[in-house]
K.L.:
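Take a look at the following structure, please.
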Amino acid sequence: MAKGKTTFDELLCKGCGLCVEVCPQKIIAIKKDYVTSKGYHPAYVTDSEKCTGCANCAIMCPDSAITVERD
Amino acid sequence: MSVVYQKSRGLTDVSTHYCPGCTHGIIHKLVAECLVELDILEKSIGVAPVGCAVLAYDYFNCDMQEAAHGRAPAVGTGIKRVQPDKFVFTYQGDGDLASIGSNEIVQVAHRGEKISTIFVNNAIYGMTGGQMAPTTLIGQKTTTCQDGRKEELAGKPIKISEMLATIDGAKYIARVSVDSPAHIRQAKKAIMRAFQTQLEGKGFSLVEVISSCPTNWGKSPVEALNWLRDNMIPYYPLGVYKDWEAE
Ligand SMILES: Cc1ncc(C[n+]2csc(CCOP(=O)(O)OP(=O)(O)O)c2C)c(N)n1
Ligand code: SF4
Ligand code: SF4
Ligand code: SF4
């Protein structure tokens, strides 16, 4: 079981990639083949099992698009 | 599982107009989180600047007032003097605060006005398309110094925190950055201290936040933060420049 869980709000994400850089588990990527209704390629978690719930991604997100839960 | 991080209720539901990866958004979050954690959101009145943060009144979930370019400290002074029980903060860019508003910020500190200022230093005029600011680094290219800023023509970049720390009425002055989660945590602590300075009636407080402008620096959001770390932080050292408690 993963220790942490992240949820991305697609309508807030601007695909800036700052969360991708700061994830220690390197499990965030940008969905290049998908465009949100706001016109951005959004961020998503590639391997949710590895999330520790450290919240680095959410702290870094300028648009408050990420919610993090932890055990 | 329990929620360890979510969007602050100190912010409205509105999606901001800031460019992707612009750190204005991170600074907004920190201010909002501090207002909520100090339980002062309901009695807060913010003053928005002219600059990219001109629409900040749509984003902070408290009473807001827009001020003319550089005049947020004067407007904040007026609000605080007629409503001394309220918590008053200004949010200003470097063009707004260090250029057209440089007199206002010096005078508000001199008067020891009991308000708090968040000073966003991104070394450029963002909103108007990337002109040189007083804070633009030597050699940095902007639309009004296309070969890079030259000291002979424009002098050295102004160090607002160091300058204001010499003024008696300024009781808490710190410079922070938001380029990494560790620096963001430190920045939040400084904003907390600045806000407490006002709540305890000590005098003026200001936190200078080194910020990025990916769009006008011509860089990706990630490259912009690397540039900030390599170029801005060496010239603008982070730290607490004044703290009433340490005196
Ligand atoms: C009296 C007046 N002079 C000039 C302007 C044009 N103007 C708008 S924003 C701005 C500078 C904004 O730069 P900064 O304060 O650094 O904020 P940023 O956009 O970078 O966040 C200027 C010069 C104006 N709106 N009003
Ligand atoms: S930091 Fe936020 S806005 Fe940027 S890509 Fe990640 S979730 Fe999206
Ligand atoms: S909470 Fe930590 S481990 Fe999980 S996705 Fe975010 S940065 Fe990565
Ligand atoms: S122009 Fe620069 S400061 Fe303004 S929103 Fe865009 S990135 Fe941010």
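Letters A, B, ... mirror the listed sequences (proteins, then strands); counts begin at 1.
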K.L.:
Answer yes or no: does atom NZ of K189(B) have more than 12 heavy-atom neighbours from other residues, nucleotides or ligands under 6.0 Å?
P.N.:
no
K.L.:
Please determine, among A55(A), A58(A), C57(A), the option with the most heavy-atom pairs under 4.5 Å with chain B.
P.N.:
A58(A)
K.L.:
Is C13(A) close to chain B through its backbone or its side chain, or both, or neither, when contacts mean heavy atoms under 4.5 Å?
P.N.:
neither
K.L.:
Give the intermediate values and the outcome of side-chain contact (heavy atoms from CB on, under 4.5 Å) for residues K7(B) and L12(A).
P.N.:
CA-CA 10 Å; K7(B) 183 167 178 173; L12(A) 290 177; 4.2 Å; yes
K.L.:
Are more than 12 heavy atoms from other residues, nucleotides or ligands located less than 6.0 Å from atom NZ of K31(A)?
P.N.:
yes
K.L.:
Is L11(B) in contact with chain A via its backbone, its side chain, both, or neither, using a 4.5 Å heavy-atom distance?
P.N.:
side chain
K.L.:
Atom OG1 in T16(B), atom CG in D63(A): separation rounded to 0.5 Å?
P.N.:
4.5 Å
K.L.:
Start with the C-alpha gap between Y5(B) and I59(A), add the side-chain angles, then the distance that decides, and say whether side-chain contact (heavy atoms from CB on, under 4.5 Å) holds.
P.N.:
CA-CA 8 Å; Y5(B) 197 101; I59(A) 288 168; 3.7 Å; yes
K.L.:
Taking G21(B), A182(B), S2(B), C19(B) one by one, which has the highest count of heavy-atom pairs under 4.5 Å against chain A?
P.N.:
S2(B)
K.L.:
Please walk me through it: do V3(B) and V68(A) pass side-chain contact (heavy atoms from CB on, under 4.5 Å)?
P.N.:
CA-CA 6 Å; V3(B) 174; V68(A) 182; over 6 Å; no
K.L.:
Return the NZ to OH distance between K14(A) and Y18(B), rounded to the nearest 0.5 Å.
P.N.:
9.0 Å
K.L.:
With heavy-atom distances below 4.5 Å as the criterion, would you say the side chains of M60(A) and I184(B) are in contact?
P.N.:
yes
K.L.:
Kindly compute the distance separating CD (Q6(B)) from OG (S64(A)), expressed to the nearest 0.5 Å.
P.N.:
10.5 Å
K.L.:
Would you say CG of D230(B) has more than 12 non-hydrogen atoms from neighbouring residues, nucleotides or ligands within 6.0 angstrom?
P.N.:
yes
K.L.:
Per the side chain to side chain contact (heavy atoms under 4.5 Å, CB included) rule, which among P214(B), P20(B), C22(B) passes with C16(A)?
P.N.:
P20(B)
K.L.:
Donor-acceptor pair, distance only, cut-off 3.5 Å: does the side chain of K38(A) make one with the backbone of S15(B)?
P.N.:
no
K.L.:
Rounded to the nearest 0.5 Å, how far does CD1 of I26(B) lie from CG of L18(A)?
P.N.:
6.0 Å
K.L.:
Answer with side chain, backbone, both or neither: which region of S220(B) has an atom nearer than 4.5 Å to a non-hydrogen atom of chain A?
P.N.:
neither
K.L.:
Which atoms of L225(B) come close to chain A, meaning under 4.5 Å heavy atom to heavy atom: side chain ones, backbone ones, both, or neither?
P.N.:
side chain
K.L.:
If you draw a 6.0 Å radius around NZ in K26(A), do more than 12 non-hydrogen atoms from other residues or ligands fall strictly inside?
P.N.:
yes
K.L.:
Would you name the heavy atoms of V222(B) and G17(A) that are closest together and state the gap between them?
P.N.:
CG2-O, 4.0 Å
K.L.:
Looking at K141(B), I'd like to know if its NZ atom is crowded, meaning that more than 12 non-hydrogen atoms belonging to other residues, nucleotides or ligands lie closer than 6.0 Å.
P.N.:
no
